[in-house]
Amino acid sequence: MRANGDNQSADGAGSAGHVVIESPSKADGAALWRIARDSKKLDLNSSYAYVLWCLDFADTSVVARVDGKTVGFVIGYRRPAVADAALVWQVAVDDSQRGRGLAGKMLDALFARLADEGVRYLDTTITPDNEASIRLFESFAKRWEATLERSPLLAADDFPDTHEREDLFHIGPLKRA
């Protein structure tokens with residue numbers, strides 16, 4: 001998992017307009033692909049994958065909009081073998097909105113909703129060199145007063161191409177505020 005961007009205030013302070021965080025729709029798929037591509041940090045999936053994600057996993061994902069324009073996203077899914085956990089796949093924020101707290105705000109909004117649906121744990125994978133993602137999820141754990149456990153998950157040689165290892169970050173239990 002790669003996070004791209006930092007936290008933003010709820011009222012959109014420091015941005016050109018009001019921030020709205022909501023579930024994505026099919027129409028958001030192209031914007032998600034563009035934001036991921038432009039980040040130059042995320043593993044870029046096909047545009048088809050982002051459109052399908054917005055259709056099939058909208059209930060476990062969010063987008064952020066400023067003045068109607070999609071400027072960030074968190075995509076995730078409920079873990080099939082772990083009923084009370086959701087895995088965050090990717091977090092990205094458009095360059096125009098970075099450094100304003102938007103990534104953390106989106107995570108909080110998504111997991112407030114998921115906690116109401118029985119999710120007690122946030123899982124994600126992060127490469128060891130991705131300090132921005134590590135800080136984002138450490139900050140999330142602190143805000144939610146949850147334990148963060150880090151363990152090896154995928155070794156570099158698990159991938160068919162050049163890819164760093166991915167460590168599992170397991171955060172919880174999440175308590176609804």
Side-chain angles (χ1 to χ4, degrees), residues 1-15 18-24 32 35-36 39-43 53 57-66 70-154 164-177:
M1 200 302 298
R2 294 275 187 170
N4 188 22
D6 291 309
N7 301 328
Q8 179 169 344
S9 65
D11 64 0
S15 68
H18 181 71
V19 176
V20 175
I21 298 173
E22 60 190 1
S23 294
L32 271 60
I35 293 167
S39 77
K40 296 183 175 57
K41 293 184 181 189
L42 292 175
D43 290 337
W53 200 284
F57 297 105
D59 60 336
T60 54
S61 302
V62 293
V63 294
R65 301 182 206 288
V66 172
T70 303
V71 296
F73 67 85
V74 175
I75 55 177
Y77 61 90
R78 296 284 295 260
R79 300 202 64 194
V82 188
D84 62 350
L87 185 129
V88 171
W89 182 270
Q90 288 184 326
V91 178
V93 175
D94 186 80
D95 189 48
S96 69
Q97 300 297 313
R98 288 191 194 136
R100 297 180 174 160
L102 190 53
K105 192 62 150 166
M106 289 187 296
L107 279 174
D108 288 344
L110 176 60
F111 278 87
R113 183 177 73 211
L114 293 176
D116 287 343
E117 297 171 5
V119 169
R120 299 192 55 212
Y121 297 91
L122 178 158
D123 290 344
T124 194
T125 66
I126 305 174
T127 58
D129 70 335
N130 191 337
E131 290 297 322
S133 287
I134 293 168
R135 283 192 312 272
L136 174 65
F137 287 96
E138 286 174 343
S139 177
F140 176 87
K142 285 179 188 171
R143 283 193 310 279
W144 284 73
E145 299 178 359
T147 302
L148 186 155
E149 298 173 359
R150 182 176 181 171
S151 59
L153 182 66
L154 301 170
E164 286 188 83
R165 81 170 198 259
E166 294 270 352
D167 292 335
L168 176 66
F169 284 62
H170 182 71
I171 301 170
L174 303 175
K175 300 175 193 95
R176 189 68 179 113

Query raised in the report: What distance separates Trp89 CH2 from Thr60 OG1, expressed to the nearest 0.5 Å?
Result: 12.5 Å

Report task. State, yes or no, whether a side-chain contact exists between Val93 and Met106 at a heavy-atom distance under 4.5 Å. Result -> yes

**Report entry** side chain to side chain contact (heavy atoms under 4.5 Å, CB included), paired with Gln90, selected from Thr124, Ile75, Leu32
**Finding:** Ile75

Query raised in the report: Would you call Leu107 and Leu122 a side-chain contact if the rule is heavy atoms closer than 4.5 Å?
Result: yes

Query - Distance in Å, Leu148 CG paired with Ile171 CD1, rounded so as to fall on 0.5 Å steps - result: 4.5 Å

Query raised in the report: Taking side chain as C-beta onward, heavy atoms only, is Val91 less than 4.5 Å from Val74?
Result: yes

Enumerate, atom names and distances included, each donor-acceptor pair closer than 3.5 Å involving a side-chain atom of residues 78-87, sequence neighbours excluded.
{"from": "Arg78", "atom 1": "NH2", "to": "Ala83", "atom 2": "O", "distance (Å)": "2.8"}
{"from": "Arg79", "atom 1": "NH1", "to": "Asp123", "atom 2": "OD2", "distance (Å)": "2.7"}

Requested in this report: Applying ring pair (Phe, Tyr, Trp, His ring centres under 6.0 Å), name anything that partners Phe140, two or more places apart in sequence or on another chain.
Outcome: Phe111, Trp144

Query raised in the report: Under 4.0 Å between a Lys/Arg side-chain N and an Asp/Glu carboxylate O for Lys105 and Asp108?
Result: no

Query raised in the report: So which of Asp94, Val63, Val19 actually passes side chain to side chain contact (heavy atoms under 4.5 Å, CB included) with Val71?
Result: Asp94

Query raised in the report: Just checking, any donor-acceptor pair under 3.5 angstrom between side chains of Arg135 and Ser139?
Result: no

Query raised in the report: Are the side chains of Phe73 and Pro24 in touch, meaning some heavy atoms are under 4.5 Å apart?
Result: no

Report task. I would like to know whether Glu117 and Asp59 meet side chain to side chain contact (heavy atoms under 4.5 Å, CB included); could you show each step before the answer? Result -> CA-CA 11 Å; Glu117 297 171 5; Asp59 60 336; 5.5 Å; no

Requested in this report: State, with a plain yes or no, whether a side-chain heavy atom of Arg165 is found less than 4.5 Å away from one of Pro152.
Outcome: no

Query - Reported OG1-to-CD distance for the pair Thr70 and Gln97, which is rounded to 0.5 angstrom - result: 11.5 Å

Query - Check ion pair Lys175-Glu145 (N to O, under 4.0 angstrom) - result: no

